[in-house]
Amino acid sequence: MSVFAVILCGGSGTRMGAPVNKTLLSVDGEKAVVKALRAFLAETDGAVLVVKEGEQGSFEAALREAGVSVHAIVPGGFDRQASALAGLRALPEECEIALIHDGARPFIRREDIRSVIQSVKEKGSGVMAVKARDTIKEADEKGKVVRTLNRDVLYHMQTPQGFYVKDMLRAHENAKERFTDDAALMENAGYPVHLVQGHYDNTKLTSPEDLPVQNILPRIGHGYDVHRLCEGRALIIGGVEIPHETGLLGHSDADVALHALTDALLGAAGLPDIGHLFPDNDPKYKGISSLLLLEKAMERIREKGFEVGNADVTIVAQAPKMAPHLEKMKENTAKAMGVNVNRINYKATTTEHLGFEGEKKGISAHAVALLIART
């Protein structure tokens with residue numbers, strides 16, 4: 001009897017707040033959807049992935065990197081029910097049993113998959129569930145408790161939820177309402193729904209708290225830059241043009257503070273430095289604003305799944321005075337990085353006339369940045 005899994009990966013993931021689809025976040029060293037897929041591919045004849053329109057390429061790349069393959073990757077619909085139907089329609093003709101599973105449940109056990117399949121073969125359905133542990137109240141729209149429910153007969157529904165494909169297609173075709181899971185759809189259509197005892201660790205990734213602690217990965221980077229002072233150039237630091245008789249020499253606008261910060265961010269993300277990404281022999285970067293380079297660097301950083309924790313920049317200059325401009329530097333930098341201004345800090349110091357900074361031959365800057373990833 002042919003059995004396939006339909007893995008739903010098309011949710012918005014708003015509550016997770018991740019920079020990528022939450023099923024593409026890493027869990028235990030691999031992407032959540034891949035972790036779930038490995039369990040299903042070991043117990044079934046194949047799988048179909050249902051993803052958000054426009055994200056097929058990201059999932060194809062993830063599966064290719066992991067060395068796993070599926071029968072099809074198809075775009076989902078406007079809600080879970082529509083997405084499940086899209087997955088069912090993409091199954092091969094020989095498939096008789098379908099297991100609908102949330103791609104955001106990566107901790108599913110192979111033995112639980114086997115139990116669901118066995119239940120479908122014996123009873124026509126198999127739905128993973130766990131008994132309610134807490135007392136559950138029913139309340140009215142004002143929050144007043146109407147009654148206390150008997151938790152001994154209450155269950156939290158999980159996935160996979162397995163049924164015969166022909167029955168599911170018929171239920172979808174005849175549905176007059178929208179349902180939040182396949183069990184409710186089948187129950188409404190008059191099919192018996194049989195529960196299979198699951199495990200409480202078969203959790204769904206909904207908010208950051210659902211990720212294991214070891215998946216919170218802080219990364220620290222350090223950046224340093226120096227530019228020579230010369231006549232005939234504007235002095236731009238932190239995106240602020242500061243009145244001064246000399247400016248910094250460089251291929252771009254020579255913003256020493258932003259260059260140091262950009263290198264700190266790139267280093268924390270494990271990416272090449274600013275000179276590699278934006279070489280000083282490339283004409284398209286001549287005179288370019290370093291705020292724009294910072295924006296481009298942040299795009300690369302977020303593509304790797306990182307968000308900014310905070311950043312701290314120290315400008316080393318004998319002159320001019322930086323203090324009047326530090327707040328504006330913070331504002332410019334935060335805007336370019338797409339973060340709250342409270343995550344950015346600027347400081348300035350002199351060298352008591354020591355070194356090239358003290359002799360007013362140049363200005364240097366140091367920066368440290370903390371990135372956080374849900375790996």
Side-chain angles (χ1 to χ4, degrees), residues 4-41 44 46-92 95 98-108 159-161 172 178-182 203-208 210-211 215 217 269-271 295-308 338 371-375:
F4 273 70
V6 175
I7 313 293
L8 304 179
C9 303
S12 64
T14 303
R15 284 172 288 180
M16 180 60 74
V20 296
N21 186 305
K22 62 185 177 181
T23 66
L24 293 176
L25 293 173
S26 293
V27 174
D28 296 338
E30 64 182 350
K31 290 178 172 54
V33 65
V34 172
K35 184 176 175 66
L37 263 176
R38 290 195 193 280
F40 280 97
L41 293 178
T44 66
V48 168
L49 286 190
V50 184
V51 305
K52 189 182 297 185
E53 184 72 52
E55 292 189 344
Q56 290 98 318
S58 297
F59 282 87
E60 288 170 359
L63 299 193
R64 188 165 54 248
E65 179 184 0
V68 297
S69 61
V70 295
H71 174 72
I73 300 177
V74 298
F78 62 91
D79 63 7
R80 188 186 189 282
Q81 189 169 323
S83 293
L85 179 57
L88 290 170
R89 286 173 171 166
L91 291 169
C95 178
L99 308 181
I100 313 296
H101 185 69
D102 299 319
R105 290 188 190 270
F107 307 108
I108 183 63
T159 63
Q161 299 187 0
H172 275 281
R178 311 308 296 175
F179 300 96
T180 57
D181 75 344
D182 307 282
T203 54
K204 186 177 181 181
L205 305 180
T206 302
S207 63
D210 299 320
L211 285 168
N215 281 78
L217 178 65
L271 289 166
E295 288 180 11
K296 291 179 177 294
M298 285 303 304
E299 290 174 5
R300 296 283 298 273
I301 288 163
R302 288 198 168 95
E303 283 174 2
K304 290 201 67 175
F306 292 101
E307 286 296 329
V308 176
L371 299 181
I372 299 172
R374 296 286 181 173
T375 64

If I compare all heavy atoms of [X] with all of [Y], which pair ends up nearest, and what's the gap?
X: T44; Y: A5; result: OG1-N, 4.4 Å
X: A269; Y: I301; result: CB-CG1, 4.0 Å
X: A32; Y: L205; result: CB-CD1, 4.0 Å
X: T23; Y: G103; result: CG2-C, 3.5 Å
X: G77; Y: A82; result: CA-CB, 3.8 Å
X: T180; Y: R80; result: O-CD, 3.2 Å

### Message
Can you tell me how far apart SG (C9) and CG (D102) are? Round to the nearest 0.5 Å.
### Response
9.0 Å

### Task
Please name all residues satisfying side-chain hydrogen bond (donor to acceptor under 3.5 Å, both in side chains) with R300, sequence neighbours left out, ordered by chain then number.
none

### Task
For the pair Q81 (side chain) and F179 (backbone), establish whether a donor and an acceptor sit closer than 3.5 Å, ignoring hydrogens and angles.
yes

### Main-chain N/O of D182 paired with Q161 side-chain donor or acceptor, under 3.5 Å
yes

### Query
Listed by chain and number, what are the salt bridge (charged side-chain N to carboxylate O under 4.0 Å, His left out) partners of R178, not counting sequence neighbours?
D79

### Message
Please determine whether side-chain contact (heavy atoms from CB on, under 4.5 Å) holds for the pair H101 and I108, giving the CA-CA distance in whole Å, both sets of side-chain angles, and the decisive distance to 0.1 Å.
### Response
CA-CA 9 Å; H101 185 69; I108 183 63; 3.9 Å; yes

### Message
Test side-chain contact (heavy atoms from CB on, under 4.5 Å) on L99 and F40; report intermediate values, then the result.
### Response
CA-CA 9 Å; L99 308 181; F40 280 97; 4.0 Å; yes

### Criterion side-chain contact (heavy atoms from CB on, under 4.5 Å) on R38 and E30, from CA distance to verdict
CA-CA 11 Å; R38 290 195 193 280; E30 64 182 350; 2.9 Å; yes

Atom pairs and distances, side-chain donor-acceptor, residues 54-74, under 3.5 Å, sequence neighbours left out:
| residue | atom | partner | partner atom | Å |
| --- | --- | --- | --- | --- |
| E55 | OE1 | N21 | ND2 | 2.9 |
| Q56 | OE1 | G54 | N | 3.0 |
| H71 | NE2 | A90 | O | 3.4 |

Are [X] and [Y] side-chain neighbours, meaning at least one heavy-atom pair lies under 4.5 Å?
X: I7; Y: V50; result: no
X: T159; Y: D181; result: no
X: L88; Y: H172; result: yes

